2 protein chains.
Amino acid sequence: MQITRETDYAIRCVYYLAGKPDEVTMVDEISKEMCIPKSFLAKILQKLSRAKIVRSYRGVKGGFRLAKRPENISIDDVIKATEGPVAMNICAIDKKQCGFSDRCKIHPVWVSLRKDVEGILKNKKFSQFIA
Amino acid sequence: MQITRETDYAIRCVYYLAGKPDEVTMVDEISKEMCIPKSFLAKILQKLSRAKIVRSYRGVKGGFRLAKRPENISIDDVIKATEGPVAMNICAIDKKQCGFSDRCKIHPVWVSLRKDVEGILKNKKFSQFIA
DNA sequence: CATAACAGGATAGATTTTATCCGATAGAGA
DNA sequence: TCTCTATCGGATAAAATCTATCCTGTTATG
């Protein structure tokens, strides 16, 4: 029922970048400031990059920068980028994963809970967190 | 972000027992009816038993029965019994687990989200699911 | 073209999840 | 009391996932 450490790192990373949305920041700086293992963080930033949450710049003076304004990035976006859609139970995403779904009375609980949690997380934008 | 298969089994198991709250049912029957590996289910039932959600009866004609009425057992109770308190991030349960909590702007998100999810889950009683 | 910094694949160690097995224990009935 | 049955609980193991590192390749700057 918990987010992984990877996702926690990813959120802290985006949080850090949201503090200076117009600068290009090196992995090394984020790593040091946020206490995240550098090589692991590099992998995480690749995922965030593919999800269009950050943009990467190669070469000398390269690094990362948010790809959108902090007010357009939600916690949900970051979770989706690192570990896929939020759900308490896989059957809430894909009914076929569970042989019981059609006659299961609990299935609707997971579906509606998922909707609620997702809604809350979608509304938490990084602009709210900037110091 | 997902419940474990163990918890899913536990919920299905309690759901099954809630269908006949006055009978003592053997592990073997629950196992077969709900498609849960018997030895694994036996372990799960031990946890549910320690959590006072079910009561066990040993010996010939032994088995399990709900320890309370279905209307007094929530999905949250079962999750707590198998995998501990619901939380997206451990810092929402124990601040000390995270060196950032005091100055972390995101911490309150986890705390309030946890409260919301827990509230929803506490309100889902097994009496609502009986056919 | 030398250097700095990210990209991406491979890999490995740690941890957690998902089971299974077996001797012990307790209760029902003969 | 004896025996059979079913749970109890500890030990263990296989599999999956998470966490992290390394190395080679690619790109951009000056």
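Numbers restart at 1 for each chain; the letters A, B, ... are given by sequence-line order, proteins then strands. Computed from a predicted structure; not experimentally measured.
- Taking 4.0 Å as the cut-off between side-chain N and carboxylate O, Glu29(A) and Lys20(A) count as a salt-bridged pair.
- Counting non-hydrogen atoms under 4.0 angstrom, Ser56(B) reaches the backbone sugars and phosphates but no base.
- Salt bridge status for Lys38(A) with Asp28(A): present, with a side-chain N to carboxylate O gap under 4.0 Å.
- For Glu6(A), whose side chain is taken as the heavy atoms from C-beta onward, the closest listed nucleotide among dA19(C), dT19(D), dG8(C) is dT19(D).
- The phosphate of dT19(D) (OP1 or OP2) has a side-chain N or O of Thr4(A) nearer than 4.0 angstrom.
- Counted within 6.0 Å of NZ on Lys52(B), heavy atoms from surrounding residues, nucleotides or ligands total 12 or fewer; the atom is thus considered open.
- Nucleotides of DNA chain D nearest to Phe40(A) and Lys61(A) differ in position, and the one nearer the 5' end is that of Phe40(A).
- In this structure, Arg12(B) atom CZ and dT18(C) atom P are separated by 12 Å, rounded to whole Å.
- Nucleic acid contact for Lys43(A): base, since at least one base atom lies under 4.0 Å from a heavy atom of the residue.
- Remark: Lys125(B) does not engage Asp77(B) in a salt bridge, criterion side-chain N to carboxylate O under 4.0 Å.
- Per the geometry, CZ belonging to Arg65(A) stands 17 Å off C1' belonging to dA5(C), to the nearest Å.
- In this structure, NZ of Lys38(B) is placed 14 Å from P of dC22(C), rounded to the nearest angstrom.
- Here dA5(C) presents its C1' atom at 14 Å from CD of Glu29(A), a figure rounded to the nearest Å.
- A salt bridge links Glu6(A) and Lys47(A); the closest N-O separation between the charged side-chain nitrogens and carboxylate oxygens is under 4.0 Å.
- Across the protein-nucleic acid pair, Ile44(B) atom CD1 and dT7(D) atom C1' stand 15 Å apart, rounded to whole Å.
- The side chain of Arg5(B) lies closest to dA19(C), out of dG8(C), dA19(C), dT19(D).
- Within 4.0 Å (heavy atoms only), Arg55(A) reaches no atom of the nucleic acid at all.
- Distance Leu45(B) CG to dA6(D) P: 15 Å, rounded to the nearest Å.
- An OP1 or OP2 oxygen of dA20(D) is reached within less than 4.0 angstrom by a side-chain nitrogen or oxygen of Tyr9(A).
- Each of dC8(D), dT3(C), dC6(C) was ranked by its minimum atom distance to the side chain of Phe64(A); first place goes to dC6(C).
- In terms of polar N and O atoms assigned as donor or acceptor, the side chain of Arg58(A) comes within less than 3.5 Å of the base of dT26(D) in a complementary pairing.
- The separation between Gln46(B) atom CD and dA19(C) atom C1' is 14 Å, rounded to whole Å.
- We find that NZ of Lys32(A) is positioned 11 Å from P of dA5(C), with the value rounded to whole Å.
- Comparing dA7(C), dT29(D), dT21(D) by their nearest atom to the side chain of Ser49(A) picks out dA7(C).
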